[in-house]
There are 2 protein chains.
Amino acid sequence: MSGMNRRRITSKELAKLAGVSSATISRAFSPDSRIGSATRDRILAVAREHGYQPNAIARSLNNQRSRLVALVVNAIGNPCEAEEQQLLVHRLQARQLLPIILCCADHSDRLQLMRLASTYQVDHVVVFSDMVSMQDAVDIFHTTKPIIVSFEPLENESVSSIRIDGAEAADEIIDKIVRDGKKRFAYLSGTNSSWIDKLRRKWFADALAKRGLAFEAQAFGDYSYDSGFKEAVLLLHRDKVDAIICGNDVMAIGARDAARRVLGKNTPDDIAIVGQDGIAMAAWDCNDLTTLSLDHVAFIDAVVELIERHDAEVEGPHSITLTCTARWGSTA
Amino acid sequence: MSGMNRRRITSKELAKLAGVSSATISRAFSPDSRIGSATRDRILAVAREHGYQPNAIARSLNNQRSRLVALVVNAIGNPCEAEEQQLLVHRLQARQLLPIILCCADHSDRLQLMRLASTYQVDHVVVFSDMVSMQDAVDIFHTTKPIIVSFEPLENESVSSIRIDGAEAADEIIDKIVRDGKKRFAYLSGTNSSWIDKLRRKWFADALAKRGLAFEAQAFGDYSYDSGFKEAVLLLHRDKVDAIICGNDVMAIGARDAARRVLGKNTPDDIAIVGQDGIAMAAWDCNDLTTLSLDHVAFIDAVVELIERHDAEVEGPHSITLTCTARWGSTA
DNA sequence: ACTGTTTGTGTAATCGTGTGCACAATGTAT
DNA sequence: ATACATTGTGCACACGATTACACAAACAGT
């Protein structure tokens, strides 16, 4: 029985074994279907005995629902995204939905990648990545009734979106740093110019403007520790800033290490460093990061909510807004 | 054109538009197929115009290859696995293969999860997780010609495996720690009793035995920072150990923080701490971990190698052995 | 006993492609 | 000019399930 490399049995073959038609086999596996309970039990028994399970590919072709969900992400190696991905995958699996991961960061042709995934007739698409344009995603997944969940709202499209508001929390954080006497601020972006990045930067820029300040310098990394480290060295040495707002937590940790190791400056006295995302790692004792935090569970709840509305055929695009909070550590 | 919620066009409909039969459409999309190049060009043009792409579900049903790969992992949130996953996903995508992720850590019924994935006729299965037994995986994915790649070798099955040898590196590390004067060792496991965990523990246990020593204490975590922190407090306080070998790097960082914060002990003078995996984070300036490291690229190279052998229909199970190296930091 | 409803099952069409076979058209060798 | 190999295309079936429809059996109500 174990490990035999035999071909998977088909519904028709099982039908012969159980002395019924293949239609009845199908009905035995559809929860609410007109079928005698005795017949069903017998079929399920025979099925278990022969290791039969309905072919999901054939089933998907027939009823136009694949139970596959495409997750468009930057990377799965970066903890900043990974925690949310983990939560979402968990929720999807609980609903018998299977996630297909599309990693954009290291793929040269992201559109081709999305096109490939779209041919699998995925039921839903969740775009986390800020490396693809929403418009491209909408165009490629135009099929059936896709919902695209993302930060970026597209007003005139049938796309649901989750909006993030961190203005207030950013204001709190800037307030504290200014009161601590810091004067020269820098923003360290994660991407060259994504919608998300611009939005986040604006929260802090507005908070600075309110106090008659502005970013003295701007640098661009790639959401990695190394880029945070490298860019921070430049910002601190060349631009003489004393506060760095980072596009995510991982870069903030890199920046903190750079300040300490290369420049000999410590947080929060010599320099203030702020992260964004509020990942678990940021709260580790060795990091203790001040960060603009988003409630991951609430965020994924919102994603699932949108997916469910979509499944329930609720009309029109939907939008949910979430608010960030400041999480205080010893770096600012 | 953009974002219209229209139904996806089918091969037969496109055939009508292009004035050919649906068979010819199919051939236009199969690279090596007897078809006039003029016809193909015309078809591809019409296809692009109408946004046609062959339905991968139907294609999979027909030719028995789904181009889907199941990745059975513990979690995607944990950096220790995520880096390898990221590399593998990248390599798969380059081959036009799509990964389906199965997260075992938070799913109550892992067998049911694997059964679900197996109904999608995945072409390959890669088992990273140590939370499912190999035998279960083999039984569930018995279909067609699956290859299961994993640490655990199953001699009498048609299963390919990757074996990891860290004995020598563990010996080096233990040697250094013993010469530094440490006497009481503890092992902090990641899982209660997985094959991988036992193997790793044995490398260090053997190295200790060679020097007339043994583990004085043993604890069980769950590969997370918090569990590393919590268990280390117990090990240090209750069991008075002065060296902790951890099942992965994240727990090692947790243990290091616990020693410093709760007990006021520093590495490597008061206590030695060793991780395993060699993730990027371990080398960050703030961590600088001594760890039993596996070359991630070589590991994923091996996985891809096995997948390719399988695609090429090379007979029989294969096995590749990789060797770990010691990566020195300031924690031991 | 007769009509009408409910229940369980089989038949056959369908989902969208890929491909073996047949066949026409074209090219090539004698 | 005839025979034969090659190329390009259409027809029809297969892949493995779901489901509308038909129909027999069982059952209810008067």
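Throughout, protein chains are lettered first and strands after them, A, B, ... in sequence-line order, and every chain is numbered starting at 1.
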Student check: side-chain heavy atoms of [X] and [Y] closer than 4.5 Å:
X	Y	answer
B/Val126	B/Leu71	yes
B/Leu102	B/Ile100	yes
A/Val89	A/Gln93	yes
A/His50	A/Glu13	no
A/His90	B/Cys103	no

Q | Residues within residues 40-47 of chain A bordering DNA chain D, heavy-atom distance below 4.0 Å | A | none

Q) Does any residue of residues 11-22 of chain A have a heavy atom under 4.0 Å from DNA chain D, and if so, which ones, in number order? A)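 Nucleic-acid contacts, sorted: A/Ser11.
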
Check: [X] side chain, [Y] main-chain N or O, donor-acceptor pair, under 3.5 Å:
X	Y	answer
A/Glu81	A/Ala75	yes
A/Glu83	B/Gly77	no
A/Arg27	A/Ser33	no
A/Arg42	A/Ala18	yes

(Q) So which atom in A/Leu97 and which in A/Pro99 form the shortest heavy-atom distance, rounded to 0.1 Å? (A) O-CD, 3.8 Å

Q | Shortest non-hydrogen separation from A/Ser129 to A/Val73 and the atoms involved | A |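 That would be CB-C, 3.6 Å.
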
Q. How many angstroms lie between CD1 in B/Ile320 and CD1 in B/Ile164, if you round to the nearest 0.5 Å?
A.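 Answer rounded to 0.5 Å: 10.0 Å.
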
**Q.** Rounded distance [0.5 Å steps], CG in A/Asp123 versus CD1 in A/Ile307
**A.** 10.0 Å

Q. Checking all strands, does B/Thr24 fall into the base, sugar-phosphate, or nothing category for heavy-atom contacts under 4.0 angstrom?
A. sugar-phosphate

Q: Give one of base, sugar-phosphate or nothing for B/Thr10, where a contact means two heavy atoms less than 4.0 Å apart.
A: sugar-phosphate

Q. So what is the end-to-end bend of the helix from C/dA1-D/dT30 to C/dT30-D/dA1, with 5 pairs used at each end and the value given to 10 degrees?
A. 30°

**Q.** 5′-ward residue of the pair B/Arg59/A/Ala23 relative to DNA chain C
**A.**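 Its nearest nucleotide lies further toward 5', so the answer is A/Ala23.
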
Q. Rounding to a whole Å, what distance do you find between B/Gln64:CD and C/dT17:C1'?
A. 12 Å

Q: Calculate the interatomic distance between A/Asn55 atom CG and C/dC15 atom P; express it in whole Å.
A: 18 Å

**Q.** Flag for A/Gln112-B/Gln96: side-chain donor and acceptor within less than 3.5 Å
**A.** yes

Q.
Measuring to OP1 and OP2 of C/dT9, would you say a side-chain N or O of A/Thr39 lies under 4.0 angstrom away?
A.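 So the side-chain polar atoms of A/Thr39 do come within 4.0 Å of the phosphate oxygens OP1 or OP2 of C/dT9, strictly under.
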
Q.
For a quick test of reading the model: is some side-chain N or O of B/Tyr52 closer than 4.0 Å to OP1 or OP2 of C/dT17?
A.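 Looking at the OP1 and OP2 atoms of C/dT17, one of them is under 4.0 Å from a side-chain N or O of B/Tyr52.
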
Q: Confirm from the modelled atom types if A/Asn62 and C/dT14 form a donor-acceptor pair under 3.5 Å, side chain to base only.
A: yes

Q) chain A on DNA chain D: first and last contacting nucleotide, 5' to 3', under 4.0 Å to a heavy atom? A)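 Nucleotide range with atoms under 4.0 Å of chain A: D/dG16 to D/dT19.
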
Q) For the residue pair B/His124 and B/His310, does the interplanar ring angle fall in the parallel (under 30°), tilted (30 to 60°) or perpendicular (over 60°) class? A)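 Rings of B/His124 and B/His310: perpendicular, as their planes differ by over 60°.
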
Q. Tell me, which of residues 27-36 of chain A have any heavy atom that sits under 4.0 Å from an atom in DNA chain C?
A. A/Arg27, A/Arg34, A/Ile35, A/Gly36

Q | Test side-chain contact (heavy atoms from CB on, under 4.5 Å) applied to A/Ser11 - qualifying residues, sequence neighbours left out | A |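 For A/Ser11, the residues satisfying side-chain contact (heavy atoms from CB on, under 4.5 Å) (neighbours in sequence not counted) are A/Ser22, A/Ile25, A/Tyr52.
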
Q.
Quick check on DNA chain D: between A/Asn63 and A/Ala58, whose nearest nucleotide comes earlier from the 5' end?
A. A/Ala58

